[in-house]
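In what follows, a structure is listed as structure tokens, so that the remarks can point back to it.
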Amino acid sequence: MKLRLLLPAAVLAMGIIAGCSNEEEPAEMNHDHASEDEVRSLEVDLEVPETAASGETVEFTAHVHSNGEDVPDADSVMFEVLQGEESLEKIEAEHDENGNYTIEHAFDEAGTYTVISHVDAFQLHTMPQKDITVE
């Protein structure tokens with residue numbers, strides 16, 4: 001019987017303590033600086049030729065954009081070349097212009113390769129991939 005009386009008193013006491021907290025209200029969102037409050041997207045349009053000749057130099061381009069704007073200052077843009085499950089090499093790309101990061105690459109042997117662009121920006125990571133057939 002005493003337990004029934006103590007439980008409501010304990011719940012009431014917790015409510016009073018919580019209601020009398022001296023904690024400050026959370027800061028309001030700053031809508032004057034959208035970059036601080038805005039949810040960012042990270043999108044990459046990967047351009048890789050469908051085919052290439054062995055020994056031919058081809059371009060890989062990653063167009064990096066976020067919320068409709070080009071991203072000229074991504075934290076990292078790297079192209080990885082795989083043959084099957086084996087990673088052959090990773091090449092860091094530099095920004096060219098308009099959110100485009102480009103490298104040139106030549107394949108020594110015929111085969112089907114996968115190109116993955118690893119892009120880091122705004123604390124996000126994305127890695128679109130495309131295949132290229134080398135003859």
Side-chain angles (χ1 to χ4, degrees):
M1 199 70 148
K2 288 184 181 182
L3 182 59
R4 284 189 191 173
L5 295 175
L6 292 177
L7 184 58
V11 172
L12 179 61
M14 287 178 14
I16 291 171
I17 292 170
C20 295
S21 172
N22 285 334
E23 291 181 27
E24 294 180 21
E25 292 292 319
E28 290 197 25
M29 291 177 63
N30 185 349
H31 296 287
D32 294 334
H33 295 87
S35 62
E36 293 175 12
D37 300 331
E38 185 175 29
V39 174
R40 301 298 304 204
S41 66
L42 181 59
E43 299 172 34
V44 176
D45 301 321
L46 177 60
E47 296 174 21
V48 174
E50 290 182 15
T51 60
S54 180
E56 174 188 6
T57 300
V58 293
E59 272 190 1
F60 305 147
T61 301
H63 176 227
V64 181
H65 50 103
S66 174
N67 298 5
E69 297 179 5
D70 293 337
V71 177
D73 57 352
D75 297 326
S76 173
V77 178
M78 186 174 297
F79 291 92
E80 181 178 14
V81 179
L82 295 95
Q83 186 171 29
E85 297 294 319
E86 182 183 353
S87 177
L88 301 177
E89 62 184 309
K90 293 180 181 176
I91 306 159
E92 183 114 11
E94 297 288 326
H95 179 252
D96 290 336
E97 62 182 355
N98 302 325
N100 289 323
Y101 296 79
T102 304
I103 65 163
E104 292 184 346
H105 184 74
F107 294 92
D108 295 331
E109 298 178 14
T112 300
Y113 297 85
T114 300
V115 177
I116 302 173
S117 63
H118 297 269
V119 179
D120 293 301
F122 310 114
Q123 297 180 348
L124 299 170
H125 179 79
T126 187
M127 41 192 278
Q129 66 183 38
K130 289 196 174 177
D131 290 336
I132 180 172
T133 302
V134 178
E135 301 168 348

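Remark: Thr133 engages no residue in a side-chain hydrogen bond (donor to acceptor under 3.5 Å, both in side chains) (not counting sequence neighbours). Checked against side chain to side chain contact (heavy atoms under 4.5 Å, CB included), Glu80 has the following partners two or more places apart in sequence or in another chain: Leu82, Ser87, Lys90, Ile116, His118. Annotation: side-chain hydrogen bond (donor to acceptor under 3.5 Å, both in side chains) contacts of His125 (sequence neighbours excluded): Asp120. Listed by chain and residue number, nothing satisfies the side-chain hydrogen bond (donor to acceptor under 3.5 Å, both in side chains) test with Asp75 (two or more places apart in sequence, or in another chain). When the ring pair (Phe, Tyr, Trp, His ring centres under 6.0 Å) test is applied to His105, the partners found at least two apart in sequence or on another chain are Phe60, Phe107. For Thr102, the side-chain hydrogen bond (donor to acceptor under 3.5 Å, both in side chains) partners at least two apart in sequence or on another chain are Thr61, Asp96. With sequence neighbours left out, the side chain to side chain contact (heavy atoms under 4.5 Å, CB included) criterion links Glu50 to no other residue.
Between Ala53 and Val134, the shortest heavy-atom contact is C-CG1, 4.0 Å. Smallest separation of non-hydrogen atoms from Glu92 and Ser76: OE2-OG, 4.1 Å. Closest approach of Ile103 and Ala93 over heavy atoms only: CG2-CB, 3.7 Å. The two residues Leu124 and Ser41 have their closest heavy-atom pair at CD1-C, 4.1 Å.
A single hydrophobic cluster is seen to contain both Ile91 and Tyr101, as judged by linkage of ILVMFWY side chains at heavy-atom distances under 4.5 Å, directly or through other members. Under the 4.5 Å side-chain contact rule for hydrophobic residues, Leu46 and Met127 do not share a cluster. Linking Ile, Leu, Val, Met, Phe, Trp and Tyr whenever their side-chain heavy atoms come within less than 4.5 Å leaves Val64 and Met78 in two separate clusters.
Expressed to the nearest 0.5 Å, how far NZ of Lys130 lies from CD of Glu47 amounts to 7.0 Å. Atoms CD and CD, from Glu89 and Gln83 in turn, are 11.5 Å apart once rounded to the nearest 0.5 Å. Here Asn100 contributes atom CG and His65 contributes atom NE2; the two are 9.5 Å apart, rounded to the nearest 0.5 Å. The distance from atom CG of Leu88 to atom OG1 of Thr114, rounded to the nearest 0.5 Å, is 10.0 Å.
Side-chain contact between Asn67 and Arg40: present, with at least one pair of heavy atoms (C-beta onward) separated by less than 4.5 Å.
Between the side chains of Asn98 and His63, not a single donor N or O lies within less than 3.5 Å of an accepting N or O.
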Exercise for the section: Walk me through it: do Phe79 and Val48 pass the test side-chain contact (heavy atoms from CB on, under 4.5 Å)? Expected result: CA-CA 11 Å; Phe79 291 92; Val48 174; 5.8 Å; no
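A donor-acceptor pair is defined here as one N or O able to donate and one able to accept, closer than 3.5 Å; such a pair exists between the side chain of Ser54 and the backbone of Asp108.
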